[in-house]
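Per chain, numbering begins at 1; letters A, B, ... match sequence-line order.
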Amino acid sequence: GKENRVLFYLLGLLLLQAGKENRVLFHCLGLLLLQAGKENRVLFHCLGLLLLLAGHCILDAHSLLLSLWPHVISIYPVFENQCSTLNVCAEYVHTFFSNMLLSLRWEEAKYEDGVKWKFLEHKGPHFPPEYQPLPDNVHFYYNGNIVKLSLAAEEVALFYAQMLDHEYTTKEVFRNNFFKDWRKEMTLEERMLITDLSKCDFGELHAMHVEKVEARKAMNKEDKLVIKEANQRIVDEYGFCMLDNHRERIGNFKIEPPGLFRGRGEHPKQGYLKKRIQPEDVIINCGKGSRVPEPPAGHRWKEVRYDNTVTWLASWTENVQGSCKYIMLNPSSKLKGEKDWEKYEVARRLKSCVDRIRLQYQQDLKSKQMVNRQRAVALYFIDVLALRAGNEKEEGETADTVGCCSLRVEHITLYDRLEGSDCVVEFDFLGKDCIRYYNKVPVTKRVFKNLKLFMENKEPGDDLFDRLNTGLLNKHLSSLMPGLTAKVFRTYNASITLQEQLRKLSNGTANQAEKLLSYNRANRAVAVLCNHQRAPPKTFDQSMANLQSKIEVRREQLTLAKSELTLAKKEVKGHCSDSKLLALVERKKKAVQRCEEQIMKMEVQATDREENKQIALGTSKLNYLDPRISIAWCKNMEVPLEKIYNKSQRDKFAWAVDMTQTDFIF
DNA sequence: TGTGACACTTAGAAAACCCCGG
DNA sequence: CCGGGGTTTTCTAAGTGTCACA
């Protein structure tokens, strides 16, 4: 009855205040009851079921709804033929819950220290399919003879064969590592026989693989759809989890399939076999009182634990480097979103005290203590050049790359004078992912003098900052501001640069293409600062040429359209105000305008693409730029958000989309 | 004070997808 | 409708930073 609806509404409000587990649900329920007409039986039935389920800590409205509809239809078969009624009802309930949950999403209470969640339920990771043995007509040859390999050896051989088109297989280290690990998978007989990789012929295996790839590309629509649907079913089953009150997407719910290790750059372990992961290798993490995921038939998990101080759902140890791998949530999740927000808030706090900190390290450049001087110079690099911290790495385990604290003397060259500037430092080293950092930077006299001092009596291979490491640096930083570490400078400098560049470059009266060009240029300034590079696309020159020729074609069309317009105008003069001729003039005018617009758009695009040849914008956009800056800019410039963020970026930054006003300042 | 395990963010390449012009 | 080129998504390697422990 009506009184009960009001009662439920009040109960919802009360629970909301009290911060109880089911508060969101009850609140929604109360509001829904309040609004729903008595005559809406389906809705009321849903609510009844909802109430029942509320006791079973399944709290996500959307998934509830999905599971409820078949039920509703089974009870009210008559509605199956009344799609519109059902759809209207479904839509109503869905929108209602979605809005309600959205508005409450960012306002829920925080948990006590270290606790990341209270409830976590998932289906466990998805395992890659079993190895399919080669068909009988595909052979491996050794020394010209067909050799039928054992299943294990065959699988690994195929990993190699699939990579034959790749540069990896030309590298000595890769080949040797692969061969060493491959032989471990062989039977004794195979090992006795196969002793030389250069005598192996993987040609048929490789051809089979290429053929498979081609076949998949050439598949007709229906077959593609079948595959797509099968994939979708996997996503539906394994791709989501229930974390507290939310149904969240999981980021990487698939166990990494076996293969050959693809380390970047001159990685000493490239080519080693990355082994197949079994359920027996996997640790499951979930909530106490949740349904524990079932291991695949005939298997068991390595361990099931209930640790709510971490955010991963499953983990295993990878065999090549011995490191842990985790299954975690998608960036769109509340958990990740809040962490992201926090990151930018720390960076904004740095903004308010960065002047003080800069003054401090300028002072420290004169310190009597060598450690402090080194720390000051390192900090100067991190702040001005946005270098990474540079943790030490185990030698021989990874490619030889460095960051700030791990710079060695051979990575910089000092010039008293270079290209018209005094005190120039030339940097040349490989950073993360073996991306080369090359830069010539004029520095202050004091920094320069210190660097000379640090280089004294050292040889290539010696640390530039021999008294410093990231631990020491971060300890100092956190004493200057709570939560401050070296990487915060990258976030801060990236975001402040974007804001600054947007202010400088954008013009409210420009057209949309120009606005977007200035946004991309601001983004580019950040990518350059952070040294985010990419391999120029293989088809770059070709596609640039294509674009240019398209522009040419349009130019010709424009000339033509212009002359047609002039002609039409002349005729109008001759036959004063013939309505048909006037319309023609208008049409021609439009055509000219359209051509001009298209040419302009393409030219802007060409500029943008040329400037972007070797620069990757994605990384900074996704990890360093406070999305609120971009969202506020879009609002102020009246540029639709989807012009700068695609769907998944908008999902990831949902927190910022929800809260950003036009007056946001980083 | 150093060290390794662990958890989590950041990164570019490659695969998959999708859209547009011929 | 189809192919190719650009965009998006996926994949997983490679960093950062903290903490417990010796």
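Within 4.0 Å of Glu318(A), counting heavy atoms only, lies no atom of the nucleic acid at all. Across all strands, Leu622(A) comes closer than 4.0 Å to no nucleic acid atom at all (heavy-atom distances). Counting any heavy atom pair closer than 4.0 Å across all strands shown, Arg249(A) reaches sugar-phosphate atoms only and no base atom. Counting any heavy atom pair closer than 4.0 Å across all strands shown, Lys116(A) reaches sugar-phosphate atoms only and no base atom. Using a 4.0 Å heavy-atom cutoff across all strands shown, Asn646(A) reaches sugar-phosphate atoms only and no base atom. Using a 4.0 Å heavy-atom cutoff across all strands shown, Thr398(A) reaches no nucleic acid atom at all. At the heavy-atom level, Ala399(A) lies nowhere under 4.0 Å from the strands shown.
Contacts between residues 254-264 of chain A and DNA chain C, counted as heavy-atom distances below 4.0 Å, involve Lys254(A), Glu256(A), Pro257(A), Phe261(A), Arg262(A), Gly263(A), Arg264(A). Using a 4.0 Å cutoff on non-hydrogen atoms, no part of residues 163-174 of chain A comes near DNA chain C. Residues from residues 469-488 of chain A that place a heavy atom under 4.0 Å from any atom of DNA chain C, listed by number: Asn474(A), Thr485(A), Ala486(A), Lys487(A). A heavy atom lying under 4.0 Å from DNA chain C marks none of the residues of residues 310-317 of chain A.
Note on Lys336(A): a side-chain N or O is less than 4.0 Å away from OP1 or OP2 of dT9(B). For dT16(C), the OP1/OP2 oxygens have a side-chain nitrogen or oxygen of Asn391(A) closer than 4.0 Å. The phosphate of dT9(C) has OP1 or OP2 within less than 4.0 Å of a side-chain N or O from Ser648(A). Phosphate proximity of dT10(B) to His532(A): absent, as no side-chain N or O sits under 4.0 Å from OP1 or OP2. For the OP1/OP2 pair of dT16(C) and a distance below 4.0 Å, the side-chain nitrogens and oxygens of Lys393(A) include no atom meeting the criterion.
Here the P atom of nucleotide dT12(C) and the CD1 atom of Ile327(A) are 11 Å apart, to the nearest Å. Atom CD1 in Ile250(A) sits about 15 Å away from atom C1' in dT10(C), given to the nearest Å. Phe489(A) has its CZ atom 21 Å from the P atom of dT9(B), to the nearest Å. Per the geometry, CZ belonging to Arg534(A) stands 11 Å off C1' belonging to dT7(C), to the nearest Å. For Asn330(A) and dC8(B), the CG to C1' distance is 15 Å, given to the nearest whole Å. Atom pair Leu225(A):CG and dC18(B):P shows a separation of 11 Å (rounding to whole Å applied).
Judged as a side-chain contact (heavy atoms from CB on, under 4.5 Å), and not counting sequence neighbours, the contacts of Asn330(A) are Arg249(A), Ser332(A). By the ring-ring contact (aromatic ring centres under 6.0 Å, His included) test, His126(A) is found to be paired with Tyr238(A), residues two or more places apart in sequence or in another chain being considered. By the side-chain contact (heavy atoms from CB on, under 4.5 Å) test, Val304(A) is found to be paired with Ile284(A), Cys286(A), Val292(A), Trp301(A), Tyr306(A), residues two or more places apart in sequence or in another chain being considered. Glu237(A) pairs by the side chain to side chain donor-acceptor pair (under 3.5 Å) definition with nothing, not counting sequence neighbours. By the ring-ring contact (aromatic ring centres under 6.0 Å, His included) test, Tyr519(A) pairs with Trp633(A), sequence neighbours left out. Taking Tyr437(A) as the reference, Leu385(A), Leu387(A), Phe427(A), Phe429(A), Asn439(A), Asn531(A) meet the side-chain contact (heavy atoms from CB on, under 4.5 Å) condition, with sequence neighbours excluded.
Nearest to the side-chain atoms of Gln321(A) among the listed nucleotides dT10(B), dA14(C), dT12(C) stands dA14(C). For Ala389(A), whose side chain is taken as the heavy atoms from C-beta onward, the closest listed nucleotide among dG17(C), dT9(C), dA14(C) is dG17(C). Relative to the side chain of Thr401(A), the nucleotides dG15(C), dA13(B), dG12(B) differ in distance, and dG15(C) lies closest. Closest approach to the Tyr326(A) side chain among dG17(C), dA7(B), dG12(B) is made by dA7(B) (side chain taken as heavy atoms from C-beta onward).
Within 6.0 Å of NZ in Lys343(A) there are more than 12 heavy atoms belonging to other residues, nucleotides or ligands.
In this structure a side-chain-to-backbone donor-acceptor pair under 3.5 Å is present from Gln374(A) to Asp466(A). Of the possible polar contacts, one joining the Asn177(A) side chain to the Gln270(A) backbone as a donor-acceptor pair under 3.5 Å is found.
Taking the six-membered ring for Trp and the full ring otherwise, the centers of Tyr168(A) and Phe174(A) sit less than 6.0 Å from each other. In this structure, His267(A) has its ring center closer than 6.0 angstrom to the ring center of Phe261(A).
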Between the protein and nucleotides 19-22 of chain B, are there any N/O to N/O pairs under 3.5 Å, and if so, what are the atom names and distances?
none

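Neither side chain, Asp281(A) nor Thr317(A), offers a donor N or O lying under 3.5 Å from an acceptor on the other. In this structure, a donor-acceptor pair under 3.5 Å is absent between the side chains of Tyr645(A) and Lys621(A). Side-chain contact of Lys393(A) with Thr401(A): a donor-acceptor pair under 3.5 Å is present, judged by distance alone.
In this structure, the separation between CG on Leu120(A) and CG on Leu329(A) is 7.5 Å, given to the nearest 0.5 Å.
The salt bridge (charged side-chain N to carboxylate O under 4.0 Å, His left out) pairs that include a residue from residues 480-493 of chain A number zero, where partners must be two or more places apart or lie in different chains.
Using cut-offs of 30° and 60° on the angle between ring planes, the pair Trp655(A) and Phe653(A) is perpendicular. Using a 30° and 60° split on the angle between ring planes, Tyr326(A) and Trp312(A) fall in the tilted class, from 30° to 60°.
Mapping Cys324(A) and Arg216(A) onto DNA chain B via the closest heavy atom, the residue that lands nearer the 5' end is Cys324(A). In this structure, Lys343(A) and Asn231(A) both approach DNA chain B, and ranking their closest nucleotides by distance from the 5' end singles out Lys343(A).
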